[in-house]
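The structure appears right after this line, and notes come after that.
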Protein chains: 4
Amino acid sequence: MSDPVAGDQLRAFVERIERLEEEKKVISDDIKDVYAEAKGNGFDVKILRKVVSLRKKQPHEREEEEAILDLYLQALGMGPGVGM
Amino acid sequence: MSDPVAGDQLRAFVERIERLEEEKKVISDDIKDVYAEAKGNGFDVKILRKVVSLRKKQPHEREEEEAILDLYLQALGMGPGVGM
Amino acid sequence: MSDPVAGDQLRAFVERIERLEEEKKVISDDIKDVYAEAKGNGFDVKILRKVVSLRKKQPHEREEEEAILDLYLQALGMGPGVGM
Amino acid sequence: MSDPVAGDQLRAFVERIERLEEEKKVISDDIKDVYAEAKGNGFDVKILRKVVSLRKKQPHEREEEEAILDLYLQALGMGPGVGM
DNA sequence: TCTCACAACTCCGCTC
DNA sequence: GAGCGGAGTTGTGAGA
């Protein structure tokens, strides 16, 4: 009422966002399909996800997390080399 | 034994997933851009997010209410679609 | 260097958490028992779960609607609590 | 209307469940508090969670997962020993 | 730093 | 009896 233009603008922004979110959902579904297909070909989906996630992380970052974990495990008397 | 894990197939799946995740990230960034643009036009991003989220949830809530109604009808031995 | 990780403290935290998680598991099992008992009394567990879940969500939805209303009022320069 | 007793019974079950879920929520909040306290004492919460989760799993189970992961990584030409 | 929404993992019931 | 699918729960990452 105070400014009809603002309403139109607002609607436009909302619609642009909703359109993009739909596209994003399509991609997400595609990814799920690929995992399902991999499973159908005998791959372990859980491990596959871990592989993808490992490839994303920087090596030093992962090493640092593992180092802290080892410190904690040692402090608890559970030896290192347990893996993460 | 010659090939405990089908490397080529695995690689293909991983690459398809990574490709899709890149596309997904592009869309996510686009969404961020739209929010930024809206902010530049004087809109409150927090409100905008709330509006989008609410519009997403409302149809879902509606469906849930219908689902519970159907369940009640079933529980009473009146199948769904019986009408009133 | 003598103690890179405070082992006693760490162990104490871990044990407190594990103790609490055990308690939590007991409660979860109790809930399962109640559902089983209800089933034994002829109730449909799926419906029952739906009822419980719906009763949980409704107050939350209500709060969310109020929140968005307040946000709109703020956006229009009318603080919350102004009334109508 | 068809059977008022069923309604009373249903209400009783729902209330018992809701009561238990409240207790469960209290415990969950307690666990969160412990993690927060640990954080205040300089511990890394993310790693701490991993420690607790590791203690829950059986060793052989973890070893098996790691073995599969290594197979996949080798198939992709990423050496083992990366950790999990 | 803290909150909050998204995504992954686990467990349960269901069906073949 | 086992795999499949869905729901609930937990963990992670992004935003304020």
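Throughout, a chain's letter reflects where its sequence line sits, starting with A, and its residues are numbered from 1.
In this structure, CD1 of C:Ile31 is placed 14 Å from P of E:dG13, rounded to the nearest angstrom. For the pair B:Lys57 NZ and E:dC6 C1', the computed distance is 12 Å after rounding to whole Å. When rounded to the nearest whole Å, the span between CG of B:Leu48 and P of E:dA5 equals 15 Å. We find that CZ of D:Arg62 is positioned 13 Å from P of E:dT10, with the value rounded to whole Å. Rounding to whole angstrom units, CD1 of residue B:Ile27 and P of E:dA7 are separated by 13 Å. As rounded to whole Å, 13 Å separates atom P of E:dC4 from atom CG of C:Leu71. Atoms NZ (A:Lys32) and C1' (E:dC6) sit 12 Å apart, rounded to a whole Å.
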Evaluation steps, salt bridge (charged side-chain N to carboxylate O under 4.0 Å, His left out), between B:Glu61 and C:Lys57: CA-CA 10 Å; B:Glu61 288 304 315; C:Lys57 277 182 196 169; 5.3 Å; no
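The list of ring-ring contact (aromatic ring centres under 6.0 Å, His included) pairs with a residue in residues 46-69 of chain B, not counting sequence neighbours, is empty.
Rounded to the nearest 0.5 Å, atoms CG (B:Leu69) and NZ (C:Lys50) are 12.0 Å apart. Atom CZ of C:Arg19 is separated from atom NZ of C:Lys24 by 14.5 Å, given to the nearest 0.5 angstrom.
The shortest side-chain heavy-atom distance between D:Glu23 and D:Val26 does not fall under the 4.5 Å cut-off. You'll find the side chain of D:Val52 reaches within 4.5 Å of the side chain of C:Glu21, heavy atoms only.
In terms of position along DNA chain E, the nucleotide closest to C:Glu64 lies nearer the 5' end than the nucleotide closest to the other residue of the pair C:Glu64 and D:Glu61.
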So which protein N/O to nucleotides 7-11 of chain F N/O distances come out below 3.5 Å?
from	atom 1	to	atom 2	distance (Å)
F:dT9	OP1	D:Lys24	NZ	3.1
F:dT10	OP1	C:Lys24	NZ	2.0
F:dG11	OP2	D:Arg49	NH1	2.8

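Within a 6.0 Å radius of CD in A:Glu64, no more than 12 heavy atoms belonging to other residues, nucleotides or ligands are found. Atom CZ of A:Arg11 sits in a sparse spot, with 12 or fewer heavy atoms from other residues, nucleotides or ligands closer than 6.0 Å.
Panel note: side chain D:Tyr72, backbone A:Phe43; no donor-acceptor pair is recorded below 3.5 Å.
When the local axes at the two ends of the helix from E:dT1-F:dA16 to E:dC16-F:dG1 are compared, using 5 base pairs at each end, they differ in direction by 10° after rounding to 10°.
Residue contacts shown for B:Lys46 are absent, as no nucleic acid heavy atom lies under 4.0 Å away. Contacts of C:Val45 with the nucleic acid, taken as non-hydrogen atoms under 4.0 Å apart, are absent.
Picking from E:dC2, F:dA16, F:dG13 the nucleotide with the shortest atom distance to the side chain of D:Lys39 gives E:dC2.
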